[in-house]
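What follows is a set of notes on a single structure, which appears directly below.
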Amino acid sequence: MADEQPEATTKQQFNNFNDSIIAEFRANGGKVGGQFEGMTMLLLRTKGARSGLPRTTPTAYLRDGERYVVIASKGGADTNPAWYHNLVSAPTARIEVGTETLDVAVREVHGDERDRLYAKQAEIIPGFAEYQVKTKRLIPVIALTKV
């Protein structure tokens with residue numbers, strides 16, 4: 001039981017952190033401060049792949065034409081974030097960008113297209129280049145297109 005407590009506490013702290021970002025995002029028309037000030041962020045609304053429960057995750061994005069591109073970096077961890085599994089298990093999701101809510105089609109991009117988009121995000125937010133170096137996995141890139 002004692003071994004489970006630190007993980008539960010860490011998960012709760014992470015959820016509280018995300019909840020505060022979500023509240024700030026919604027209160028300020030899609031803008032947040034602190035370590036994320038000036039970053040393009042959206043709220044990714046998915047359904048849990050196993051639970052079926054609604055999930056909302058703040059994440060950085062970049063625009064590629066009409067598409068919103070999100071990167072499943074998880075800070076360079078060796079596992080994908082839960083939201084990635086939620087996205088690939090469903091063909092659509094909902095995002096909040098600024099004050100707009102959009103239904104989007106979900107498509108993971110691969111090969112040269114993935115590499116181009118990842119490099120573009122790493123140019124805007126250099127931490128993404130570090131994330132790829134930290135992990136053995138190829139970090140997934142997801143394109144979200146308004147439906």
Side-chain angles (χ1 to χ4, degrees), residues 6-7 9-51 53-147:
E7 183 177 325
T9 300
T10 301
K11 185 174 183 178
Q12 186 58 46
Q13 289 170 335
F14 181 75
N15 288 340
N16 290 343
F17 179 71
N18 274 353
D19 289 345
S20 69
I21 294 170
I22 292 165
E24 184 179 358
F25 181 99
R26 288 177 173 157
N28 296 302
K31 297 196 184 314
V32 296
Q35 68 190 56
F36 304 113
E37 189 166 352
M39 189 179 295
T40 56
M41 292 193 73
L42 59 77
L43 299 182
L44 180 60
R45 293 166 43 186
T46 61
K47 186 188 302 186
R50 288 187 302 223
S51 70
L53 297 173
R55 305 285 187 215
T56 302
T57 307
T59 189
Y61 77 92
L62 68 97
R63 288 298 300 258
D64 183 58
E66 295 296 310
R67 304 184 303 177
Y68 298 86
V69 177
V70 293
I71 297 179
S73 66
K74 198 177 177 182
D78 286 329
T79 58
N80 290 319
W83 62 258
Y84 167 77
H85 301 289
N86 297 344
L87 276 182
V88 297
S89 72
T92 60
R94 183 167 282 168
I95 60 173
E96 294 177 47
V97 181
T99 58
E100 253 189 306
T101 300
L102 307 168
D103 290 319
V104 292
V106 175
R107 183 175 74 81
E108 186 170 354
V109 295
H110 301 279
D112 290 343
E113 181 183 21
R114 180 252 175 233
D115 295 345
R116 175 184 64 81
L117 293 169
Y118 197 94
K120 185 175 177 184
Q121 182 67 304
E123 187 177 302
I124 297 166
I125 304 171
F128 281 92
E130 297 169 22
Y131 301 155
Q132 187 58 76
V133 171
K134 282 174 56 174
T135 186
K136 295 175 186 143
R137 69 186 170 96
L138 184 64
I139 295 175
V141 175
I142 310 292
L144 307 170
T145 307
K146 184 178 173 183
V147 292

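Being a predicted model, the structure only gives us computed values, none of them experimental.
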Next on the checklist: Set out, in order, the CA-CA distance, both residues' side-chain angles and the distance that settles side chain to side chain contact (heavy atoms under 4.5 Å, CB included) for Lys120 and Val141, then state yes or no.
Outcome noted: CA-CA 11 Å; Lys120 185 175 177 184; Val141 175; over 6 Å; no

Checklist entry - When you look at Ile95 and Thr101, which way does the side chain to side chain contact (heavy atoms under 4.5 Å, CB included) test go after all the steps? => result CA-CA 6 Å; Ile95 60 173; Thr101 300; over 6 Å; no

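Under the 4.0 Å criterion applied to side-chain N and carboxylate O atoms, Glu96 and Arg45 are assigned as salt-bridge partners. A salt bridge links Asp64 to Arg116: at least one charged side-chain nitrogen sits closer than 4.0 Å to a carboxylate oxygen. A salt bridge does not link Arg94 to Glu100: none of the charged nitrogens lies less than 4.0 Å from a carboxylate oxygen.
Of all non-hydrogen atoms in Gln35 and Met39, the two that sit nearest each other are O-CE, 4.4 Å. Closest approach of Ala49 to Ser89, counting heavy atoms only: CB-OG, 3.6 Å. For the pair Gly98 and Phe25, the tightest heavy-atom approach, listed with the atom from each and the gap, is O-CE2, 3.6 Å. Shortest non-hydrogen contact noted between Thr135 and Gly76 is CB-O, 3.2 Å. Nearest heavy atom pair, residue Val106 against residue Ala90, reads CB-O, 4.0 Å.
A donor-acceptor pair is defined here as one N or O able to donate and one able to accept, closer than 3.5 Å; no such pair exists between the side chain of Glu66 and the backbone of Lys146. Glu108 contributes no side-chain N or O that, together with a main-chain N or O of Val88, makes up a donor-acceptor pair within less than 3.5 Å. Here the side chain of Lys134 pairs a donor or acceptor atom with the backbone of Gly75 at under 3.5 angstrom. Although no hydrogens or angles enter the test, the distance criterion places a donor-acceptor pair under 3.5 Å between the side chain of Tyr118 and the main chain of Phe128. For the pair Thr92 (side chain) and Ala105 (backbone), a donor-acceptor distance under 3.5 Å is absent.
With a 6.0 Å cutoff to the six-membered ring centre and a 45° limit on the axis angle, Arg63 does not count as a cation-pi contact of Tyr61.
For the pair Asn86/Lys47, no side-chain contact is recorded, criterion being any heavy-atom separation below 4.5 Å from C-beta on. The shortest distance between side-chain heavy atoms of Val104 and Val147 does not fall below 4.5 Å. Inter-residue side-chain proximity for Leu144 and Val70 is flagged as met; some heavy-atom pair is nearer than 4.5 Å. Looking at Leu138 and Gln132, their side chains come closer than 4.5 Å, going by heavy atoms from C-beta outward. At a threshold of 4.5 Å between non-hydrogen side-chain atoms, the residues Thr57 and Leu43 do not count as touching. By the 4.5 Å heavy-atom criterion applied to side chains, Tyr68 and Leu102 are counted as neighbours. Annotation: side chain of Pro58 is not in contact with side chain of Val32 (no heavy-atom distance under 4.5 Å). The shortest side-chain heavy-atom distance between Arg67 and Leu117 falls under the 4.5 Å cut-off.
In Glu113, the CD atom is crowded: over 12 heavy atoms of neighbouring residues, nucleotides or ligands sit closer than 6.0 Å. The environment of CG in Asp78 is crowded: more than 12 heavy-atom neighbours from other residues, nucleotides or ligands sit within 6.0 Å.
Note: Phe36 and Phe17 have tilted aromatic rings, judged against thresholds of 30 and 60 degrees for the angle between ring planes.
When only modelled atom types and interatomic distance are considered, Asn80 and Arg137 share a side-chain donor-acceptor pair under 3.5 Å.
A distance of 10.0 Å separates CD1 in Ile21 from OG1 in Thr59, rounded to the nearest 0.5 Å. Separation of atoms NZ (Lys74) and CH2 (Trp83) is listed at 11.5 Å; rounding is to 0.5 Å. Distance NZ/Lys31 to CD/Glu24: 11.5 Å, rounded to 0.5 Å. Note that the CZ atom of Arg114 and the CD1 atom of Ile142 stand 10.5 Å from one another [nearest 0.5 Å]. For the atom pair OG1 of Thr46 and CZ of Arg55, the computed distance is 7.5 Å after rounding to the nearest 0.5 Å.
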